[in-house]
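Any value given below was found using the heavy atoms of this structure, including those in side chains, with hydrogens, waters and symmetry copies removed.
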Amino acid sequence: MKLTDAKEGYQGRVLSMDGDNHMISRAVSIGIVPGGIVKLLKNRRKQPVLIYSRDSMIALNREDAANIIVE
């Protein structure tokens, strides 16, 4: 499922990332990688998606978050 489809409190593994090379490069540089664990802290409409990954809190715009596929 897309990260934007998950409910707040969800914790799971990143399966893959879609999007252009720039988006994927940016995600990898902040620690979001296939196989990595993410915890969804906030997922409210018309607001950035807030996740916790690798000891960091990360805010993603909804378009980029929709390109992250989790199990």
Side-chain angles (χ1 to χ4, degrees):
M1 85 178 124
K2 295 177 182 180
L3 188 57
T4 52
D5 294 337
K7 295 184 187 272
E8 292 180 5
Y10 168 83
Q11 183 169 337
R13 188 171 308 274
V14 175
L15 295 178
S16 65
M17 292 184 285
D18 297 328
D20 61 10
N21 287 336
H22 180 70
M23 178 273 181
I24 293 172
S25 174
R26 220 177 39 224
V28 169
S29 72
I30 59 176
I32 302 170
V33 295
I37 302 295
V38 296
K39 182 173 183 178
L40 185 58
L41 302 175
K42 287 197 178 187
N43 184 12
R44 300 196 178 137
R45 290 185 184 258
K46 299 186 181 183
Q47 292 184 0
V49 176
L50 190 62
I51 64 169
Y52 186 78
S53 176
R54 291 190 173 189
D55 297 328
S56 297
M57 196 175 307
I58 302 165
L60 298 168
N61 67 46
R62 297 197 69 77
E63 183 179 323
D64 289 345
N67 288 325
I68 298 173
I69 309 302
V70 294
E71 60 180 359

Could you work out, with side chain to side chain contact (heavy atoms under 4.5 Å, CB included) as the rule, every residue matching Leu41, not counting sequence neighbours?
Lys39, Leu50, Tyr52, Met57

Sequence-distant partners of Arg26, side-chain hydrogen bond (donor to acceptor under 3.5 Å, both in side chains), two or more places apart:
His22, Asp64

Run the side-chain hydrogen bond (donor to acceptor under 3.5 Å, both in side chains) test against Asn67 and tell me which residues pass, sequence neighbours left out.
none

Exceeds 12 heavy-atom contacts within 6.0 angstrom, atom CG of Asp20:
yes

What distance separates Asn43 CG from Leu3 CG, expressed to the nearest 0.5 Å?
7.0 Å

Any idea which heavy atoms bring Arg62 and Lys46 closest together, and the distance?
CD-N, 3.9 Å

Please tell me if the side chains of Lys2 and Ile68 come closer than 4.5 Å, counting only heavy atoms from C-beta onward.
no

By side chain to side chain contact (heavy atoms under 4.5 Å, CB included), Tyr10 pairs with (sequence neighbours left out) Met1, Ala6, Leu40, Val70, Glu71

Just wondering, do Val38 and Val14 contact through their side chains at under 4.5 Å, heavy atoms?
yes

With Arg44 via salt bridge (charged side-chain N to carboxylate O under 4.0 Å, His left out) - residues at least two apart
Glu8

Quick check against the 3.5 Å criterion: does Arg13 have a side-chain atom that pairs as donor or acceptor with the backbone of Gly36?
no

Hydrophobic cluster partners of Ile37 (side-chain heavy atoms under 4.5 Å):
none

Name all residues meeting the side chain to side chain contact (heavy atoms under 4.5 Å, CB included) criterion together with Ile58; count only those two or more places apart in sequence or in a different chain, and write none if there are none.
Ile30, Ile32, Ile51, Ser53, Ser56, Leu60

Can you name the side chain to side chain contact (heavy atoms under 4.5 Å, CB included) partners of Arg54, sequence neighbours left out?
Val33

